[in-house]
2 protein chains.
Amino acid sequence: MLELAILGFLYDAPLHGYELRKRITALTGHVRPVAESTLYPAIKRLEKAGFLMRATEPGAVAAPRHVLTLTDDGRSELRRRLAEPDERDITDENRWFTVLAFLRHLEDPAAQAAVLRRRLAFLQEPTSFFYDGDRPLRAEEPDDPFRRGVLTIARATSRAELGWLRDTLEALGG
Amino acid sequence: MLELAILGFLYDAPLHGYELRKRITALTGHVRPVAESTLYPAIKRLEKAGFLMRATEPGAVAAPRHVLTLTDDGRSELRRRLAEPDERDITDENRWFTVLAFLRHLEDPAAQAAVLRRRLAFLQEPTSFFYDGDRPLRAEEPDDPFRRGVLTIARATSRAELGWLRDTLEALGG
DNA sequence: CGACAATACCTCGATGCCGATGTATTGCGT
DNA sequence: ACGCAATACATCGGCATCGAGGTATTGTCG
């Protein structure tokens, strides 16, 4: 998820680590903060894998910056990760939102639609959070208000997303 | 999150690891599957910390089971974790749902309400996923449909949850 | 009778993430 | 003159998680 965000932001323009961190924090930081000690090693991994290059520039305000630029390999790696997200990226909302944030970088509308259809299929699977034996409980059933809340919120999210998915798939010509 | 789920399920009744795994999978597995190799070490950690005890029973169907029972320390540990969730448990929906799933185990309605109020405060902070410089973008603004989707879905979720939070806080006498 | 799924538990190595800590510079407030 | 915040990058130990693999038993299907 973090690596996807790094590749995604750099796809638009070269950035240095500190700026990258600010953007990632704006994107997902309110939900899951990104520690510096997670970001810098991630950058190193991507550099080692040949997905990005760094160039040292004098710092505009303070210490020198390492400006990061995606390589061609990095650009195709991003497209690959967007086109073939793993199952977790589809099911976990945090990861899914990161995929969506950069899905526009996949140029082919059919490829974009294919990714959305995977999410659609996931949302259409009948699943609940709570069960009475094997029977999934509906939002009205749990006897405590907190579990009712979970189901109520999940249902509202699901409805909103299904509506958006259908509209967007139609617009993409799917 | 995993440890919270283990403590939460065992609060109701002693279970063996395999059954625990099925319940946790039903609760959060569609979003984030739990590997066995994560669950069993987690059980060991909690046992070592004195939060649960295990008793070996002949297996009903196959291999012998280790039936897990919460100790008094384990029961108060669960209540402590529910009453004082860390910031991540409040902001990350996956973790938050796990807190909600077991919040009924906190007997004091005022303590339950205090936790809900932390979530309310978080949802009321103005945050966006996308920015134009420092200005947060509204759901209609992004030029690509995927980022619009993120904002649309997040807004729907937020509205549903705020409504439920206000109703529930009122019902709790807050 | 043999294969296989389900039950039930476990270990190991790799990896990614986190908190704490360190280094160095610039600029602002007092 | 001094401290502090912000900029900018980095390392380190510890830990949770994962995938792959292992062990053993019972029941079911062909």
Side-chain angles (χ1 to χ4, degrees), chain A residues 1-7 14-26 28-29 31-49 51-68 81 86-89 91-92 94-95 98 134, chain B residues 1-7 14-26 28-29 31-49 51-68 81 86-89 91-92 94-95 98 134:
Chain A
M1 201 176 91
L2 175 59
E3 294 186 4
L4 188 67
I6 294 171
L7 296 173
L15 296 170
H16 56 276
Y18 199 77
E19 176 62 26
L20 198 46
R21 197 195 170 209
K22 284 199 286 185
R23 304 227 181 167
I24 293 173
T25 298
T28 56
V31 171
R32 267 175 187 273
V34 188
E36 286 190 21
S37 51
T38 306
L39 176 63
Y40 288 112
I43 290 171
K44 275 199 176 164
R45 280 199 303 278
L46 294 173
E47 191 190 6
K48 206 175 161 187
F51 298 144
L52 53 86
M53 286 180 318
R54 72 172 75 197
T56 305
E57 269 187 19
V61 184
R65 298 162 163 183
H66 292 180
V67 176
L68 309 167
R81 291 191 194 204
D86 68 41
E87 195 53 22
R88 290 273 224 299
D89 293 327
T91 62
D92 186 330
N94 293 329
R95 287 164 169 263
T98 305
D134 280 340
Chain B
M1 199 177 93
L2 175 59
E3 293 185 4
L4 188 67
I6 294 172
L7 296 174
L15 296 170
H16 56 277
Y18 200 77
E19 176 62 25
L20 198 47
R21 197 195 169 209
K22 285 199 285 184
R23 304 226 180 166
I24 293 173
T25 298
T28 56
V31 171
R32 266 175 187 272
V34 187
E36 286 189 22
S37 51
T38 306
L39 177 63
Y40 287 112
I43 289 171
K44 275 198 177 165
R45 279 200 303 278
L46 294 173
E47 192 189 6
K48 205 175 163 189
F51 298 144
L52 52 85
M53 286 181 318
R54 72 173 76 198
T56 306
E57 269 187 18
V61 184
R65 298 162 163 182
H66 293 179
V67 176
L68 310 167
R81 291 193 193 204
D86 67 42
E87 195 53 24
R88 290 272 222 300
D89 293 327
T91 63
D92 185 329
N94 293 328
R95 286 163 169 263
T98 305
D134 280 340

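Chain identifiers are assigned alphabetically (A, B, ...) following the order of the sequence lines, protein sequences preceding nucleic acid strands; residue numbering begins at 1 within each chain. For the numbers below, each heavy atom of this structure counts, side chains included, while hydrogens, waters and symmetry mates do not.
- Whole-Å rounding puts the Arg32(B) CZ to dT17(D) P distance at 9 Å.
- Checking Arg81(A), Arg95(A), Met1(A) one by one against Asp89(A), the side-chain contact (heavy atoms from CB on, under 4.5 Å) holds for a single residue, Arg95(A).
- The His16(B) side chain lies nearest to dA8(C) when the options are dA8(C), dC17(C), dC18(C).
- Out of dA8(C), dA10(D), dC18(C), the shortest distance to the side chain of Thr38(A) is found at dC18(C).
- Checking dA6(C), dT7(D), dC10(C) against every side-chain atom of Tyr18(B), the shortest atom distance belongs to dA6(C).
- Checked against side chain to side chain donor-acceptor pair (under 3.5 Å), Arg23(A) has the following partners two or more places apart in sequence or in another chain: Glu19(A).
- Of the residues in residues 39-48 of chain A, those with a non-hydrogen atom less than 4.0 angstrom from any atom of DNA chain C are Arg45(A).
- On a pure distance criterion of 3.5 Å, a polar donor-acceptor pair joins the side chain of Ser37(A) and the base of dG19(C).
- With contacts defined as side-chain heavy-atom distances shorter than 4.5 Å, the pair Leu68(B)/Met53(B) does not qualify.
- Side-chain atoms of Pro33(B) and Arg88(A), non-hydrogen and from C-beta on, do get closer than 4.5 Å to each other.
- For the pair Glu3(B) CD and dT17(D) C1', the computed distance is 12 Å after rounding to whole Å.
- Separating the CE atom of Met1(B) from the C1' atom of dC15(D) is a distance of 17 Å, rounded to the nearest angstrom.
- A donor-acceptor contact shorter than 3.5 Å is absent between the side chain of Arg21(A) and the backbone of Leu39(A).
- Nearest-nucleotide positions on DNA chain C place Val67(B) closer to the 5' end than the other of Arg88(B) and Val67(B).
- Rounded to a whole Å, the CG atom of Leu68(A) is 14 Å from the C1' atom of dA10(D).
- Rounded to an integer number of Å, the gap from Arg95(A) CZ to dT17(D) P is 14 Å.
- The His66(A) side chain lies nearest to dA10(D) when the options are dG19(D), dT7(D), dA10(D).
- Using a 4.5 Å cut-off on side-chain heavy atoms (C-beta onward), Asn94(A) and Thr98(A) make no contact.
- Counting heavy atoms from C-beta on, the side chains of Ile43(B) and Ile6(B) come closer than 4.5 Å.
- dC17(C) atom C1' lies 14 Å from atom CG of Asp86(B), rounded to whole Å.
- Atoms CD (Glu19(B)) and P (dA6(C)) sit 16 Å apart, rounded to a whole Å.
- Atom CD of Glu36(B) is separated from atom C1' of dT23(D) by 12 Å (rounded to the nearest Å).
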